Amino acid sequence: DQQVKQNSPSLSVQEGRISILNCDYTNSMFDYFLWYKKYPAEGPTFLISISSIKDKNEDGRFTVFLNKSAKHLSLHIVPSQPGDSAVYFCAARGGGADGLTFGKGTHLIIQP
Amino acid sequence: DTAVSQTPKYLVTQMGNDKSIKCEQNLGHDTMYWYKQDSKKFLKIMFSYNNKELIINETVPNRFSPKSPDKAHLNLHINSLELGDSAVYFCASSQSPGPRETQYFGPGTRLLVL
């Protein structure tokens, strides 16, 4: 029962272009959403978050958009840089659960 | 300085053995967690521990027992290891258990049960 879904296992983007990573969720009790970035052999690193009362949060090159009615969020990275190549996990919190509920991740590859 | 550290980084062991994984955080956080990343790459919460209160995920077998000697440490002991326990185990911590609190993850412990 996947409550957080990332349907694209991988995404390839040219350096300098925009990377858009998508995430869908099914649990309407989720009220806080996060994106984590993970390099091989390391733990996930927090990137950006958004509360369910907002529809957009921006931090430098990273912007997260939330569409509550569609239960969809996306992470935009612009411009994409080689160091952005990593696995990106969408996570959600709320609904009584104490921990984070993660998606399976999307492997972003930035091509020179 | 490493904020959240785990030992060992790799653990290879035989089925039926008992093993422990250690986690330490130097962030002064009150809440710590254990997550399991299985072969399908899902990261799933196993436990959270806040100020001596343990919240157990019901799907975790009771062969898994977290132990917290103090606020900075949350160890994971696994009895009678099974093949299906092979996974990457991540420890994390946050300032408090609140839903807005950012969780900081350790580098993971790769457990392989033969």
Side-chain angles (χ1 to χ4, degrees), chain A residues 1-10 21 23 25-54 57 59 62 64 66 86-108, chain B residues 2-10 21 23-25 27 29-51 53-60 66 74 88-110:
Chain A
D1 177 26
Q2 294 181 51
Q3 296 189 63
V4 178
K5 299 178 186 179
Q6 293 176 257
N7 292 319
S8 298
S10 66
L21 297 107
C23 178
Y25 62 96
T26 57
N27 190 339
S28 56
M29 298 294 289
F30 288 144
D31 60 1
Y32 199 64
F33 303 90
L34 308 92
W35 284 94
Y36 279 81
K37 177 179 177 179
K38 185 181 180 302
Y39 292 117
E42 293 183 12
T45 303
F46 171 73
L47 199 56
I48 193 169
S49 62
I50 188 167
S51 164
S52 60
I53 62 173
K54 294 186 175 181
N57 188 24
D59 183 2
F62 303 92
V64 56
L66 175 63
V87 177
Y88 288 79
F89 288 97
C90 173
R93 202 165 185 186
D98 206 49
L100 295 170
T101 301
F102 282 87
K104 282 178 76 169
T106 296
H107 185 193
L108 176 64
Chain B
T2 305
V4 182
S5 59
Q6 296 178 227
T7 53
K9 198 165 184 178
Y10 299 95
I21 307 172
C23 177
E24 177 181 359
Q25 54 94 4
L27 298 167
H29 287 170
D30 287 338
T31 308
M32 296 183 74
Y33 311 82
W34 276 108
Y35 287 83
K36 177 182 179 181
Q37 185 179 31
D38 59 24
S39 58
K40 295 180 181 177
K41 303 300 182 187
F42 277 110
L43 262 162
K44 294 182 181 175
I45 181 74
M46 298 176 72
F47 304 99
S48 66
Y49 204 96
N50 178 63
N51 285 332
E53 181 186 357
L54 175 65
I55 301 169
I56 299 174
N57 185 311
E58 292 179 359
T59 63
V60 177
L74 182 63
V88 184
Y89 292 84
F90 288 98
C91 175
S93 72
S94 63
Q95 182 63 56
S96 73
R100 302 290 185 264
E101 293 295 328
T102 298
Q103 295 184 18
Y104 297 86
F105 284 78
T109 294
R110 285 140 191 85

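Proteins come first, then strands; the chains are lettered A, B, ... in the order of their sequence lines, and each starts at number 1. All values reported here derive from a predicted model rather than from experimental measurement.
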A:Ser51 portion near chain B, given a 4.5 angstrom heavy-atom threshold: side chain
Which atoms of A:Tyr39 approach chain B - backbone, side chain, both or neither, heavy atom under 4.5 Å: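 Nothing of A:Tyr39, per the 4.5 Å heavy-atom cut-off to chain B.
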Most contacts with chain A, counted as non-hydrogen pairs under 4.5 angstrom, among B:Lys44, B:Gln6, B:Arg110: B:Arg110
Contact leader toward chain A among B:Phe47, B:Tyr104, B:Phe42, B:Phe90, where contacts are heavy-atom pairs under 4.5 Å: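 Maximum pair count with chain A is reached by B:Phe42.
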Chain B contacts, top residue of A:Ala41, A:Ala91, A:Gly103 (heavy-atom pairs, under 4.5 Å): A:Ala41
How far does [atom1] of [X] sit from [atom2] of [Y], to the nearest 0.5 angstrom?
X: B:Gln103; Y: A:Arg93; atom1: CD; atom2: CZ; answer: 5.0 Å
X: A:Phe102; Y: B:Gln37; atom1: CZ; atom2: CD; answer: 9.5 Å
X: A:Ile48; Y: B:Thr102; atom1: CD1; atom2: OG1; answer: 11.0 Å

Minimum heavy-atom distance A:Pro44-B:Leu43, with the two atoms named: CG-CD1, 3.9 Å
Closest contact, heavy atoms only, A:Leu100 versus B:Tyr35: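 Looks like N-OH, 2.9 Å.
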Region of B:Lys41 in contact with chain A, defined by heavy-atom distances below 4.5 Å: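 Contact with chain A involves both backbone and side-chain atoms of B:Lys41.
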